[in-house]
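Notes follow once the structure below has been shown.
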Amino acid sequence: MAAVTLTLVIALAGAVYLRGWLQQRAIPVWRACSFFLGLLATWVAVASPLASLDSHMLTAHMIQHLLLMTIAPPLIWLGEPLITVRPTRWLFPKRLGRLLGDPTFCWLAAAAALVAWHVPAIFRLGMESPAWHFTEHASFLTAGLLFWWPVIQPWPSVARWPRWSMLLYLFLATLPCDVLSGLLVFSDLVAYPMYLCTTRDGGMSPLEDQQCAAALMWTCVTVVFLVAGTVLSMQILSPRKEVIPV
């Protein structure tokens with residue numbers, strides 16, 4: 001039932017965006033495609049068959065987190081969703097864009113969400129309670145959207161730091177992931193005992209599942225941030241900014 005509800009919510013978000021995009025035509029097609037890919041990544045994380053595997057495999061759980069924090073948010077912001085909703089011209093003034101665009105706040109929010117939800121006691125709480133499980137996913141998506149806001153700078157964001165500083169921002173953001181991944185990869189103990197009692201079809205032991213999940217996070221975050229850093233470097237060296245009429 002929860003999957004159906006989340007699917008309907010995501011579909012509604014897509015319908016609202018599509019309606020605004022068709023009315024205004026102020027956003028290039030590639031940006032619209034990016035937005036829908038972001039919604040698809042969100043759906044895969046919270047409402048697809050993958051969501052039913054997170055209680056059996058830490059690897060599946062990690063894929064959800066990566067989709068919600070690392071993949072979906074930049075795709076959604078690249079779609080310039082706030083431009084397509086006319087009321088946001090009043091609901092999201094530049095002062096709010098300036099607040100949300102504070103890189104320090106955005107970085108700390110993402111780091112806090114990542115670290116807190118991987119503390120074993122809090123992790124177990126999220127797995128045992130549907131309400132807390134939903135809160136966990138919501139906090140990951142929210143933290144991801146905050147983190148990528150100053151990097152993508154969608155409307156109506158206001159830059160607080162020089163553009164080149166986003167390269168340092170991305171590099172520093174890899175550190176919490178590296179530490180967490182390293183602890184899980186090289187540990188001889190299963191960090192989350194709940195997976196000791198689950199059955200899995202992949203043939204992996206609980207410890208191998210943990211190592212696979214950690215290696216996946218390590219690799220995915222590194223690659224995505226490297227791609228983002230490369231694009232930013234190209235923009236800085238060749239500053240041709242696409243102008244989207246508002």
Side-chain angles (χ1 to χ4, degrees), residues 1-52 54 63-103 105-106 109-110 113 130-160 224 227-228 231 241-246:
M1 188 63 181
V4 174
T5 302
L6 291 171
T7 298
L8 291 176
V9 170
I10 293 172
L12 177 61
V16 171
Y17 179 92
L18 181 61
R19 179 177 181 271
W21 183 79
L22 290 173
Q23 287 180 342
Q24 299 181 39
R25 296 285 183 164
I27 299 173
V29 173
W30 74 266
R31 288 188 177 273
C33 292
S34 176
F35 178 82
F36 285 110
L37 285 175
L39 289 187
L40 177 61
T42 304
W43 178 83
V44 171
V46 300
S48 74
L50 174 69
S52 64
D54 67 345
I63 292 174
Q64 287 182 300
H65 293 176
L66 291 170
L67 288 171
L68 291 173
M69 285 196 75
T70 309
I71 305 299
L75 291 174
I76 289 173
W77 286 141
L78 283 172
E80 295 286 357
L82 300 181
I83 292 179
T84 65
V85 186
R86 292 182 182 274
T88 59
R89 299 173 189 269
W90 294 274
L91 294 176
F92 291 90
K94 287 188 176 181
R95 282 184 295 178
L96 181 56
R98 190 177 295 113
L99 171 64
L100 294 178
D102 183 356
F105 171 75
C106 296
W132 280 109
H133 197 56
F134 174 80
T135 302
E136 178 185 11
H137 286 166
S139 66
F140 271 116
L141 181 58
T142 301
L145 289 171
L146 284 172
F147 175 82
W148 286 99
W149 178 274
V151 178
I152 305 298
Q153 289 189 351
W155 183 87
S157 65
V158 178
R160 297 288 299 274
V224 171
V227 170
V231 173
K241 191 169 183 180
E242 178 184 6
V243 177
I244 299 179
V246 179

Rounded to the nearest 0.5 Å, what separates atom [atom1] in [X] from atom [atom2] in [Y]?
| X | Y | atom1 | atom2 | value |
| --- | --- | --- | --- | --- |
| Gln23 | Leu18 | CD | CG | 10.0 Å |
| Leu75 | Phe35 | CG | CZ | 10.5 Å |
| His137 | Leu67 | NE2 | CG | 10.0 Å |
| Leu68 | Thr142 | CG | OG1 | 9.5 Å |

Report yes if some heavy atom in the side chain of [X] is under 4.5 Å from a heavy atom in the side chain of [Y]; otherwise report no.
| X | Y | value |
| --- | --- | --- |
| Ile76 | Pro81 | yes |
| Val46 | Ile10 | yes |
| Val224 | Ile71 | yes |
| Val29 | Trp21 | yes |

**OP:** Using the test side-chain contact (heavy atoms from CB on, under 4.5 Å), find all partners of Ser139 that sit at least two apart in sequence or belong to another chain.
**Re:** Trp117
Under 3.5 Å, side chain of [X] to main-chain N/O of [Y], donor-acceptor pair present?
| X | Y | answer |
| --- | --- | --- |
| Thr84 | Glu80 | no |
| Ser34 | Trp30 | no |
| Trp148 | Met69 | yes |

Provide the closest heavy-atom pair for [X] versus [Y] in the form atom of the first, atom of the second, distance.
| X | Y | value |
| --- | --- | --- |
| Ala109 | Ala143 | O-CB, 3.9 Å |
| Ile27 | Gly79 | CD1-O, 3.6 Å |
| Ala51 | Ala45 | CB-O, 3.9 Å |

Original post:
Do any pairs count as a side chain to side chain donor-acceptor pair (under 3.5 Å) and have a residue in residues 64-79, sequence neighbours left out, and if so which ones?
Top reply: His61-His65, His65-Glu136
